[in-house]
Colleague: 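Let me begin by handing over the structure; questions about it come next.
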There are 2 protein chains.
Amino acid sequence: MGKRATTKDKILDAAEALFAEHGFEQTSLRQITADAEVNLASVNYHFGSKKALIQAVMARYLEVFMPSLQQELNRLHPGFSTNDVFNCFRKPLADMRQVRKHGPTLFLSLLGFAYAEIQGHLRRYTMEQFGEVMTLLLDALHEANPQLSPIDMFWRLHFVLGATVFAQVSGPALREIAAADFGEAVAADQVIDRLIPFIAGGMDAPVHELSKASTVEPR
Amino acid sequence: MGKRATTKDKILDAAEALFAEHGFEQTSLRQITADAEVNLASVNYHFGSKKALIQAVMARYLEVFMPSLQQELNRLHPGFSTNDVFNCFRKPLADMRQVRKHGPTLFLSLLGFAYAEIQGHLRRYTMEQFGEVMTLLLDALHEANPQLSPIDMFWRLHFVLGATVFAQVSGPALREIAAADFGEAVAADQVIDRLIPFIAGGMDAPVHELSKASTVEPR
DNA sequence: TTTAAATTAAAACACATGTTTAAAATGTAT
DNA sequence: ATACATTTTAAACATGTGTTTTAATTTAAA
């Protein structure tokens, strides 16, 4: 089709960069079209609405990431640990670099905002997309941690999501602080290296006595 | 002063409930004044601006919570564990119930939004307020985990914050899902019971080989 | 009661947002 | 070259926001 950088792509590129840095709601169409050097109305012309643009930005990544993660999860060897499960995210995440130069960082930031934003439509959309993989993830984690009840697993998985999402959303700011305080430049990939042991450790932790189910389990 | 429910307090009460449910930016002054059954202009009359109202809402809790947490941290016995450190949050949090009936839940939600919102002024304000206690916390956690380098501690503490904040911000929605899927009503306090072992386990986890310092460590 | 201050009320202001409109420009077949 | 569809452009629209203004009202002091 286009010779070089069609309007639609210019919008997608500018939008994803701004979304990843400031979130979806905080980014206006006027900022996006200004950065993309296109007319304001072209967003509604090509995508229909801002909501649709947001979904289009997400879709570009999800279409690559989701099947890749699914494949990794299916490739797990029997007897795998919690750590092994979370390590399944490494390759799909690294592959994001092929979608875009700073793909891994951008994608995780987008994902963070997508999950954090209160907007129902995005929540529903991403949840639908993630529904399948979520089930796979839950099954794998339950197999690695058979001692955890479903409800415990439910909550811990959301704690994991929280730590992950948060680390990415406030990632740029945190990396700045870390670099200033410790004189150490920290790439986004290295944050993953620090995050995975943390969430695996949390997942493997013993459950609190008082939060155990009604079945009496002394000692 | 007032006989019963002064305008200023009606605004504060309505604002805190809406803020805790929808966040600061997503809540408009018109919603607040409608719920409080006061005139729109009274917010600016009594507080000066929306920013000032937000800070006033936060201050009501922080003034009680902060000294209480500080006291608990100072009361730690030598040889304390990571779990002990995080358990210092229990009493100050429970005390929030004296400020307001659903104080613990409201406060944690507010805190979550305060930390999550990108707005600089709130970030700065809360960080200033939390600066002292943060130092205390860092020192205590470092004493409980001497094997962690400062940079590792820095990141893990932020993962902890992420899991905590996230669990609270999306708390109401998650509790609904949990109740629907597991037929189990989950109070906010019980979420804390599930959260603390998780973050303690993550904090105590071994560090990833690749993220260790430049010292070569094969296998 | 009179007077002055504090508070409430209704309206308008200034600005930013996503969206739509209608005309101009461009591209593309016939 | 002509006719038609596609795309771009500039302007306006409709709505929601925090804030300010000005007058009415209530409260409290003299």
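First the proteins, then the strands, lettered A, B, ... as listed; each starts at 1.
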Colleague: Check nucleotides 19-22 of chain C for protein N or O atoms closer than 3.5 Å to its own N or O atoms and list the pairs.
Modeller:
from: dT19(C); atom 1: OP2; to: Asn44(A); atom 2: OD1; distance (Å): 3.2
from: dT19(C); atom 1: OP2; to: Lys50(A); atom 2: N; distance (Å): 3.0

Colleague: In whole angstrom, give the distance that lies between atom CD1 of Ile32(B) and atom C1' of dT19(D).
Modeller: 14 Å
Colleague: Could you state the atom-to-atom distance from CD of Gln26(B) to C1' of dT17(C) in whole Å?
Modeller: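 The answer, rounded to whole Å, is 13 Å.
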Colleague: Reckon Ser28(A) touches a base, only the sugar-phosphate, or nothing at all at heavy-atom distances under 4.0 Å?
Modeller: sugar-phosphate
Colleague: Go through the structure and list residues passing ring-ring contact (aromatic ring centres under 6.0 Å, His included) with Phe86(A), not counting sequence neighbours.
Modeller: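 Phe86(A) satisfies ring-ring contact (aromatic ring centres under 6.0 Å, His included) with no other residue.
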Colleague: Taking CZ from Phe24(B) and P from dG18(D), how many angstroms apart are they, rounded to a whole number?
Modeller: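 Going from Phe24(B) (CZ) to dG18(D) (P), I get 14 Å.
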Colleague: Distance check needed: dT22(D) P versus Asn39(B) CG, whole Å only.
Modeller: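 The answer, rounded to whole Å, is 17 Å.
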Colleague: Answer with base, sugar-phosphate or nothing: what part of the nucleic acid does Thr27(A) contact at a heavy-atom distance below 4.0 Å?
Modeller: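 Sugar-phosphate, no base atom in range.
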Colleague: Under the rule for side-chain contact (heavy atoms from CB on, under 4.5 Å), what residues qualify as partners of Asp13(B), not counting sequence neighbours?
Modeller: Arg60(B), Arg100(B)
Colleague: What is the distance, rounded to the nearest whole Å, between atom NE2 of His46(B) and atom C1' of dT8(C)?
Modeller: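 Distance check: His46(B) NE2 to dT8(C) C1' gives 8 Å.
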Colleague: Looking at Arg90(A) and Asp95(A), does any basic side-chain N land under 4.0 Å from a carboxylate oxygen?
Modeller: no
Colleague: I need the CD-C1' distance between Gln31(A) and dA16(C), as an integer number of Å.
Modeller: 11 Å
Colleague: Working to the nearest 0.5 Å, report the span between CG of Asn44(A) and CG of Leu29(A).
Modeller: 6.5 Å
Colleague: Counting N and O atoms only, with roles assigned by atom type, does the side chain of Asp152(A) sit under 3.5 Å from a partner on the main chain of Leu148(A), one being a donor and the other an acceptor?
Modeller: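 No, Asp152(A) side chain to Leu148(A) backbone: no donor-acceptor pair under 3.5 Å.
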Colleague: Might you work through the side-chain contact (heavy atoms from CB on, under 4.5 Å) test for Arg194(A) and Val207(B), ending with a clear yes or no?
Modeller: CA-CA 7 Å; Arg194(A) 297 185 191 280; Val207(B) 295; over 6 Å; no
Colleague: Return no unless some side-chain N or O of Thr7(B) is found under 4.0 Å from OP1 or OP2 of dT7(C).
Modeller: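 No.
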Colleague: Quick one: does any side-chain atom of Asp9(A) pair with a main-chain N or O of Ala5(A) as donor and acceptor, under 3.5 Å?
Modeller: no
Colleague: Would you mind reading off the distance between Ile54(B) atom CD1 and dT17(D) atom C1', rounded to a whole angstrom?
Modeller: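 Computing the Ile54(B):CD1 to dT17(D):C1' distance gives 13 Å.
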Colleague: In whole Å, I'd like the distance from the CD atom of Glu25(B) to the C1' atom of dT17(C).
Modeller: 14 Å
